A.B. asks: 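Quick one: the structure is below, and I'll ask about it shortly.
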Amino acid sequence: MDPIVRRVEACDLAAAAAWPLHGIEVLSRLHERATWGAEDLAWTARYVDSRLRDQDYAHRAWWVAALPGEPALASSVVGLAAATLPLAGNEHLAEIDLLVHPEHRRTGIGTALHEAALTFARAHGRTSAIGPSDHVGEPDAQDPNALAAPNGHGRIRADDAGAAFARARGWDLEQAERYSVLELPVDAALLAGLGDAAAAGAGGEYRLLRWADRAPDHLLDAVAELYSRMSTEVPRAGLDLSEERWDGERVRTAERGVAEAGNGYLLVAAEHVPTGRLVAFTEVEHPRLDAAVVFQQDTLVLPAHRGRRLGMLVKTAMLDLLAQERPAARRVHTWNAEENAHMLTINVALGFRGRGVIGLWQRRLD
């Protein structure tokens, strides 16, 4: 029997109509436990609801799938899909996420959700789609099931469920990201040594700025520039991506989105004192209701200021700031392109350890 696919709507989470939102959380938690052994990365109902309400800079849609005859309950959700269509740069692109309950794979649920998301993307004029797949560990190059990214950096298992599903539907693997976790707290002597060495390498031309949840008004344009450059200055392999457009208003909208999802953020930036320009930054996000968990977001050093150890400088300063602001934090999750050797070297020195690989897939829609 064909699954019932429903478009998800934002609503009061206490209302009976919110069962698809809660079903997404239930399924996501199950997936994260089965894949990574913990629920740190699960989508919450509040997060999904906040994304559905945030349509200013991306058109977002979610769907859930249930079996025919099942009651309208969170426990009935056996699959989900999400489509994000950027509206400020990359207007050709659709970002697709898809998840099916392990006990209900190969029954047509994934196919139905996949078609719903791609139909939505095509209807809005999108010509390319990008989507991820999760892979625990990384196979050896000699493994007959190993599938290497085209740029030669990183491998996944071709017979893992997500990879097999994507390949069967015309998606191509374009990039591999290393998924790593840092256990906190970091040894104080190690952190101090790395921070002092980075400060010595940077010299006296830079100073660090720190804030939580809201950028200072006078730095809004500078922060927007960093976010814009983040979309062009990190490795993108063969992914069909172009520059994202950021301004101060979009920064404020993003900050509200973080808060509405139930999260906070911390940011450390390096200012080039002679010019007064922000030239490097790192940012983390943390759930308000889960003090143990931290998500590493963007880290960037502008090309003209690389080679001065600013990456290590802002990262060690961030870990100091986390110890002050979130002392109960126990894990930092991060994702880096496998070809981003410099950032991976910094992370390994800090103590990040690889857990797996995220495959990034691409498909033409026209």
Side-chain angles (χ1 to χ4, degrees), residues 47 50-61 82-97 121 124-126 128-130 132 175 177 206 208-237 239-261 263-272 275-286 295-306 310-311 314-315 317-318 334-337 340 343 360:
Y47 170 81
S50 73
R51 295 300 84 196
L52 288 171
R53 295 177 189 275
D54 179 8
Q55 302 282 341
D56 291 326
Y57 294 94
H59 193 11
R60 309 175 200 273
T84 301
L85 312 184
L87 298 174
N90 291 297
E91 289 92 342
H92 65 287
L93 181 68
E95 300 168 9
I96 307 295
D97 284 284
H124 288 81
R126 303 303 158 125
S128 291
I130 293 173
Q175 190 178 45
E177 287 189 338
Y206 303 92
L208 295 177
L209 308 176
R210 304 166 178 83
W211 62 83
D213 299 333
R214 181 179 172 85
D217 289 341
H218 71 283
L219 293 177
L220 265 183
D221 290 341
V223 173
E225 180 188 5
L226 288 176
Y227 287 163
S228 294
R229 296 291 295 275
M230 185 73 199
S231 66
T232 61
E233 299 294 347
V234 298
R236 295 301 191 190
L239 296 172
D240 185 14
L241 293 166
S242 58
E243 183 178 13
E244 294 184 13
R245 299 188 298 274
W246 283 80
D247 56 19
E249 182 179 353
R250 185 174 179 184
V251 173
R252 289 289 185 241
T253 300
E255 291 174 338
R256 289 193 295 273
V258 170
E260 289 166 2
N263 297 344
Y265 84 88
L266 300 171
L267 191 145
V268 175
E271 178 188 43
H272 184 234
T275 61
R277 187 183 182 193
L278 298 187
V279 298
F281 81 109
T282 191
E283 181 178 359
V284 303
E285 194 168 328
H286 54 84
F295 306 117
Q296 175 71 60
Q297 303 292 1
D298 295 338
T299 300
L300 176 69
V301 179
L302 296 182
H305 296 267
R306 291 173 184 169
L310 294 179
V314 296
K315 295 274 274 191
M318 175 59 76
T334 193
W335 298 262
N336 302 96
N340 193 351
M343 190 55 62
L360 295 180

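Since the model is a prediction, treat every value here as computed from it, not as a measurement.
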A.B. asks: On a heavy-atom basis, which atom in P235 and which in Q175 lie closest, and how many Å separate them?
C.D. replies: O-NE2, 3.2 Å
A.B. asks: Between A270 and L310, what is the shortest heavy-atom contact and its length?
C.D. replies: CB-CD2, 4.5 Å
A.B. asks: Checking the side chain of H59 only, and the main-chain atoms of H124 only, is there a donor and an acceptor separated by less than 3.5 Å?
C.D. replies: no
A.B. asks: Closest heavy-atom contact between A224 and G248?
C.D. replies: CB-N, 4.1 Å
A.B. asks: Work out which heavy atom in A280 is nearest to a heavy atom in V301; give both atom names and the distance.
C.D. replies: CB-CG2, 3.9 Å
A.B. asks: Hey, what do you get for OG1 (T84) to CG (N90), rounding to the nearest 0.5 Å?
C.D. replies: 12.0 Å
A.B. asks: Just by modelled atom types, is the R60 backbone N or O under 3.5 Å from a matching donor or acceptor in the Q55 side chain?
C.D. replies: yes
A.B. asks: Between CG of L267 and CD of E285, what distance do you get to the nearest 0.5 Å?
C.D. replies: 11.5 Å
A.B. asks: Is the shortest distance from a Lys or Arg side-chain nitrogen in E249 or R252 to a carboxylate oxygen in the other one below 4.0 Å?
C.D. replies: no
A.B. asks: Just verifying a value: how many Å separate S50 OG and R256 CZ, rounded to the nearest 0.5 Å?
C.D. replies: 13.0 Å
A.B. asks: Looking at M343 and N336, what are the two nearest heavy atoms and their distance?
C.D. replies: CG-ND2, 3.4 Å
A.B. asks: Could you tell me the separation between the CZ atom of R277 and the CD atom of E271, rounded to the nearest 0.5 Å?
C.D. replies: 12.0 Å
A.B. asks: Determine whether W211 and V223 make a side-chain contact, defined as any pair of heavy atoms from C-beta on separated by less than 4.5 Å.
C.D. replies: yes
A.B. asks: Looking at D97 and P132, what are the two nearest heavy atoms and their distance?
C.D. replies: OD1-CG, 3.2 Å
A.B. asks: Treating S228 as the side-chain partner and W246 as the backbone partner, does any N or O pair qualify as donor plus acceptor under 3.5 Å?
C.D. replies: yes
A.B. asks: Answer yes or no: is there a side-chain heavy-atom contact under 4.5 Å between F281 and V314?
C.D. replies: no
A.B. asks: side-chain contact (heavy atoms from CB on, under 4.5 Å) between R306 and E233: does it pass, once the steps are laid out?
C.D. replies: CA-CA 12 Å; R306 291 173 184 169; E233 299 294 347; 3.8 Å; yes
A.B. asks: Counting C-beta onward and ignoring hydrogens, is there a side-chain heavy-atom pair between R245 and Y57 closer than 4.5 Å?
C.D. replies: no
A.B. asks: Can you measure from CD (E260) to CG (D54) and round to the nearest 0.5 angstrom?
C.D. replies: 7.0 Å
A.B. asks: Students often mix this up, so state it plainly: with edges at 30° and 60°, are the rings of Y206 and H305 parallel, tilted or perpendicular?
C.D. replies: perpendicular
A.B. asks: Taking C-beta and beyond as the side chain, do E95 and P86 meet within less than 4.5 Å on heavy atoms?
C.D. replies: yes
A.B. asks: Rounded to the nearest 0.5 Å, what separates atom CG in L278 from atom NE2 in H272?
C.D. replies: 12.0 Å
A.B. asks: Mind checking whether S242 and E91 have side chains closer than 4.5 Å, heavy atoms only?
C.D. replies: no
A.B. asks: Looking at side-chain heavy atoms only, is the closest gap between L239 and L241 below 4.5 Å?
C.D. replies: yes
A.B. asks: Going through the distances and angles, do N340 and E177 end up as a side-chain contact (heavy atoms from CB on, under 4.5 Å)?
C.D. replies: CA-CA 9 Å; N340 193 351; E177 287 189 338; over 6 Å; no
A.B. asks: Salt-bridge test for R250 and D247: reply yes if a basic N is under 4.0 Å from a carboxylate O, no otherwise.
C.D. replies: no
A.B. asks: Under a 4.5 Å cut-off applied to non-hydrogen side-chain atoms, are Y227 and E283 in contact?
C.D. replies: yes
